[in-house]
There are 2 protein chains.
Amino acid sequence: MARKPGSRAEITGPRLRDAALRLFARDGYAAVSMRQIAAEVGVQAGAIYLYTADKQTLLFELMQDHMDALLSAWADSTPPLGDARARLQHFARFHIRFHAARADAVFIAYMELRNLTPENFATVEALRKRYETELETILRAGQDEGTLAVPDTKLAAMALIAMLTGVNTWFRDGGRLSRDRVEQIYVDMVLKAAGARA
Amino acid sequence: MARKPGSRAEITGPRLRDAALRLFARDGYAAVSMRQIAAEVGVQAGAIYLYTADKQTLLFELMQDHMDALLSAWADSTPPLGDARARLQHFARFHIRFHAARADAVFIAYMELRNLTPENFATVEALRKRYETELETILRAGQDEGTLAVPDTKLAAMALIAMLTGVNTWFRDGGRLSRDRVEQIYVDMVLKAAGARA
DNA sequence: ATTGTCACTGAACGCTCGTTCAGTTCAACC
DNA sequence: GGTTGAACTGAACGAGCGTTCAGTGACAAT
């Protein structure tokens, strides 16, 4: 039977995700124990298994949810109808904003890939690839229509994503540069690296 | 007393470094046990402690050695005497070549930073910062002399290094693109991103 | 008041971890 | 050929790991 709001079950589930996300991001999957996660939620270790099959599944679902959120946010982002140069600018802006808002999940999603079982890795990797292809499609269109100039679209897609995702390794709110300023600079560098006409 | 060449001591030491490097890179520091490393060297776990104080020190020394090698290779690389644009091209080429030759050490040096004790982290971080400053100096010079155009030299240095180091996450010899071709494309993108005159 | 359900506890399982150390082996020296 | 000393073994230490599960207690439904 369904419990009333405020009963424990409706709190522990989401809190487990949050705690695992934060701890995995801070200390790494292998270094965080189920007992630590449980303590963070305010529960004994055994209780966790009411909400996840095992530690591996917990990690996998965090990563899968992140990638799903990324792809569906991109799908909802209504790119401009203009040329590929404008769409590349839109992509760069979207990428930085989305990733800045979820630093923990981003960090996990590419630091903990090697801790996934082969099956889980393949699933997450496929989602990552789909996102990469979105950028590559823009680059190829720009190459074709002449608004962008990249020697190799596949390689450029990976290089640009690496550069953009790199923001997360150093950016902190309240630093020397504002979030908007950083975004502006990165977008500018991406456009130049992709050979966009000035 | 010194042993003759061929005795065991002169083999186990270097082999330990190699094994630890390979295993840490493949499975991650936290996931590799001292027993696994020992087995890879062909020795019992206890014997490792004749060559390193503990697991943490082993990781730290691998990272420190890598950063030392990077900085001294850069110091020996005799950059061109020309303008900053030429020096940036030299830096990009150097970075890609050095990193391509040591994929394992590179991977460890930035994936395992969080597994260092605070003191060890500070030491390695300082070395990393010194390398970053080398690039920033070039960018600032280019900005001053007008051969490069970057809105913020500190930020650009981090972004360009992130892009360049990203090669290692996907490049494998024998793939679609040759090592030289990849190097050429990346150097080209770095120059464009830094606003070099064509 | 009784029953049923469900979140959760707390102890236990077998296992692996990093590290230590008394003992063994063996090449090099006198 | 006896002594030395370094390289290495193998067993042990205490601790922590992921996971299981019988039991507890609070609440909802009857």
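Convention: sequence-line order gives letters A, B, ...; per-chain numbering from 1.
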Contacts of Asp27(B) that satisfy salt bridge (charged side-chain N to carboxylate O under 4.0 Å, His left out) - sequence neighbours left out: none
Between the first and last five pairs of the helix from dA1(C)-dT30(D) to dC30(C)-dG1(D), the angle of the axes, rounded to 10 degrees: 10°
Gap between atoms CZ and P, on Arg15(B) and dA7(D) respectively (whole Å): 16 Å
Residues Glu40(B), Arg15(B): salt bridge by 4.0 Å N-O rule: no
Please set out all donor-acceptor pairs under 3.5 angstrom arising from side-chain atoms of residues 101-111 of chain A, sequence neighbours excluded.
none

Pairs flagged by ring-ring contact (aromatic ring centres under 6.0 Å, His included) wherever residues 148-185 of chain B is involved - sequence neighbours left out: none
ring-ring contact (aromatic ring centres under 6.0 Å, His included) contacts in which one or both residues fall within residues 121-160 of chain A, not counting sequence neighbours: Phe91(A)-Tyr131(A), His95(A)-Tyr131(A)
Interatomic distance where CD1 belongs to Ile48(A) and P belongs to dG10(C) [whole Å]: 15 Å
Residues which pass ring pair (Phe, Tyr, Trp, His ring centres under 6.0 Å) with Phe24(A), listed by chain and number, not counting sequence neighbours: Tyr29(A)
All pairs passing salt bridge (Lys or Arg N to Asp or Glu O under 4.0 Å) where residues 139-150 of chain A contributes a residue, at least two apart: Glu136(A)-Arg140(A)
Residue Tyr51(A), side-chain heavy atoms: nucleotide from dT9(C), dT9(D), dA7(C) that is nearest: dA7(C)
Protein-nucleotide distance (Gln44(B), atom CD; dT19(C), atom P), rounded to Å: 17 Å
Using distance only, find each side-chain donor-acceptor pair of residues 154-162 of chain A under 3.5 Å and give its atom names and separation, not counting sequence neighbours.
none

Base-contact (B) and sugar-phosphate-only (S) positions in nucleotides 14-20 of chain D, heavy-atom cut-off under 4.0 Å, - elsewhere: ---BBBB
